[in-house]
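Data first, discussion second: the structure below is written as structure tokens.
Just so it is clear, the values below take in all heavy atoms, side chains as well, and ignore hydrogens, waters and symmetry mates.
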Amino acid sequence: MTRLAELSTTAYAALLATKEVVVLLPVGSVEPHGPHLPLCTDTLISQGAAALAAQQLTTGERVAVIAPAVPYGVTDFAAGFAGAISVPAEVLTPFLNRIAAAFLADGAAHVCLVNNHLEPAQDAAVRAALDGLPSGRASIACPLSRRWGRTLSAEYKSGACHAGQYETSLVLAVEPGLVDERAAHGLPASTLSLSEGIAAGKTTFKALGMDQAYTGSPAKATREEGAEMLERLATMIVREVVEGLESLG
């Protein structure tokens, strides 16, 4: 796995001169995820999935590099909880667009924005960042797309999945030391569905009844499930990138 931030300019220039370079840009948030998961949960998931995808994308002629993450996002749903650091969509979109454009201008063949912060306004802001970029040379990998969401766990598909079994399992697989497992095991299951609440017009976790900023079943999380979900997220990234490259002919 190649992390861009750890390369010298000489080393990166050599990759650009000799390989087809794909840049994977993890995008996340600083947002409450219950009393058991870190504020960087979404960023950790994006980074973990990108790292696994980079291994699968790297071949003899291609190298996938992991760019430094963009760890802030649109987190308005978490308003009222400590650590909910929200960036307006009108700030995030051009910021991501300029980063992607700069990588392409520098010689990268493709840039994929890997987003696992699933607030609808965040998803829209990230997708809008592709506007004006050359077709086939930039992509979005986000499980909010029905194509990829249907490949994930039953809890994810239920919508009761913020800091629940799905996300807690993923963090256990990526960075287990950051999970307060004792706290997770003490949390009762919640069936509050984010997707249903959003459809009903709710705009914050608190309005949805998520008084501890989680829904789902954190106590059921396992590293094994996390590893399986990470593989599926990596497959999502790989397919988005390969399809973009193939469209270039």
Side-chain angles (χ1 to χ4, degrees), residues 1-29 40 42-73 92-117 122-123 125-145 147-148 151 170 173-175 227 229-249:
M1 180 179 60
T2 303
R3 294 186 177 90
L4 181 74
E6 297 174 1
L7 298 176
S8 68
T9 182
T10 304
Y12 186 50
L15 288 180
L16 291 170
T18 60
K19 305 279 188 180
E20 180 180 59
V21 174
V22 170
V23 176
L24 304 181
L25 176 60
V27 180
S29 68
C40 63
D42 294 334
T43 308
L44 285 175
I45 295 171
S46 290
Q47 289 174 317
L52 190 55
Q55 297 175 16
Q56 298 172 16
L57 284 165
T58 297
T59 65
E61 297 180 351
R62 178 199 302 139
V63 62
V65 301
I66 312 297
V70 175
Y72 294 96
L92 183 63
T93 293
F95 183 61
L96 292 175
N97 176 273
R98 287 297 86 203
I99 293 173
F103 274 121
L104 295 177
D106 205 31
H110 189 93
V111 178
C112 181
L113 306 182
V114 180
N115 175 42
N116 283 279
H117 174 44
Q122 164 88 358
D123 180 59
V126 175
R127 292 185 186 281
L130 295 192
D131 291 351
L133 298 178
S135 178
R137 297 194 64 200
S139 61
I140 303 291
C142 176
L144 274 182
S145 164
R147 175 188 185 188
W148 301 118
T151 70
L170 280 163
V174 176
E175 199 69 56
M229 292 301 103
L230 204 64
E231 284 279 1
R232 296 184 189 185
L233 292 174
T235 296
M236 170 187 70
I237 298 166
V238 170
R239 290 309 311 159
E240 292 288 0
V241 170
V242 170
E243 289 172 7
L245 292 172
E246 288 177 346
S247 73
L248 297 173

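- A distance of 9.5 Å separates CG in L130 from CG in L96, rounded to the nearest 0.5 Å.
- Across all their heavy atoms, D106 and L16 have their closest contact at O-CD1, 3.3 Å.
- For the atom pair CG of L4 and CD of E6, the computed distance is 9.5 Å after rounding to the nearest 0.5 Å.
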- Message: Could you go through V241 and L24, starting from their C-alpha distance and side-chain angles, then the distance that decides it, and tell me whether this counts as side chain to side chain contact (heavy atoms under 4.5 Å, CB included)?
- Response: CA-CA 9 Å; V241 170; L24 304 181; 4.1 Å; yes

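- Within 6.0 Å of CD on E61 lie no more than 12 heavy atoms contributed by other residues, nucleotides or ligands.
- Scanning all heavy atoms of the two residues, the minimum distance from A54 to I66 falls at CB-CD1, 3.6 Å.
- Side chain of S247 to main chain of G244: a donor-acceptor pair is present (N/O by atom type, distance under 3.5 Å, no hydrogens or angles).
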- Task: Mind running side chain to side chain contact (heavy atoms under 4.5 Å, CB included) on L92 and Q122 for me, showing each step along the way?
- Result: CA-CA 9 Å; L92 183 63; Q122 164 88 358; 3.3 Å; yes

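- Across all non-hydrogen atoms, the minimal contact from G48 to L230 is C-CD1, 3.8 Å.
- Minimum interatomic distance between T93 and A125 (heavy atoms only, all atoms of both residues): OG1-O, 2.8 Å.
- Heavy atoms of other residues, nucleotides or ligands lying less than 6.0 angstrom from CZ of F95 number 12 at most.
- Sequence neighbours left out, the pairs with a member in residues 14-23 that pass salt bridge (charged side-chain N to carboxylate O under 4.0 Å, His left out) are E20-R62.
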- Task: In sequence, state the C-alpha distance, the side-chain angles, and the governing distance for L15 and L7, and then conclude on side chain to side chain contact (heavy atoms under 4.5 Å, CB included).
- Result: CA-CA 10 Å; L15 288 180; L7 298 176; 3.9 Å; yes

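- Remark: R137 pairs with L104, P134, L248 by the side chain to side chain contact (heavy atoms under 4.5 Å, CB included) rule, at least two apart or across chains.
- Scanning all heavy atoms of the two residues, the minimum distance from A64 to L57 falls at CB-CB, 3.9 Å.
- For the atom pair CD1 of I99 and CG of L113, the computed distance is 8.5 Å after rounding to the nearest 0.5 Å.
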- Item | Verdict with reasoning, H110 to E240, per side chain to side chain contact (heavy atoms under 4.5 Å, CB included) | CA-CA 10 Å; H110 189 93; E240 292 288 0; over 6 Å; no

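- Remark: side-chain polar atoms of S139 are not paired, donor with acceptor, to backbone N or O of C112 under 3.5 angstrom.
- Rounded to the nearest 0.5 Å, atoms CG (L52) and OG1 (T235) are 8.0 Å apart.
- In terms of heavy-atom proximity, A5 sits nearest to P68 at CB-CG, 3.9 Å.
- Two residues are said to be in side-chain contact when any heavy atoms from C-beta on lie closer than 4.5 Å; L245 and V22 meet this criterion.
- Annotation for F103: atom CZ counts as buried by contact number, over 12 foreign heavy atoms lying within 6.0 Å.
- The backbone N or O of Q55 lies less than 3.5 Å from no partner atom in the side chain of T58, so there is not a single donor-acceptor pair.
- Here the side chain of S29 pairs no donor or acceptor atom with the backbone of G73 at under 3.5 angstrom.
- Residues passing the side chain to side chain contact (heavy atoms under 4.5 Å, CB included) test with T43 are Q47, A69, P71, sequence neighbours excluded.
- V27 has its side chain out of reach of H117: every pair of non-hydrogen atoms, C-beta onward, lies at least 4.5 Å apart.
- With hydrogens and angles disregarded, a donor-acceptor distance shorter than 3.5 Å links the side chain of N97 to the backbone of D131.
- Side-chain atoms of T2 do not come within 3.5 Å of backbone N or O of V65 as any donor-acceptor pair.
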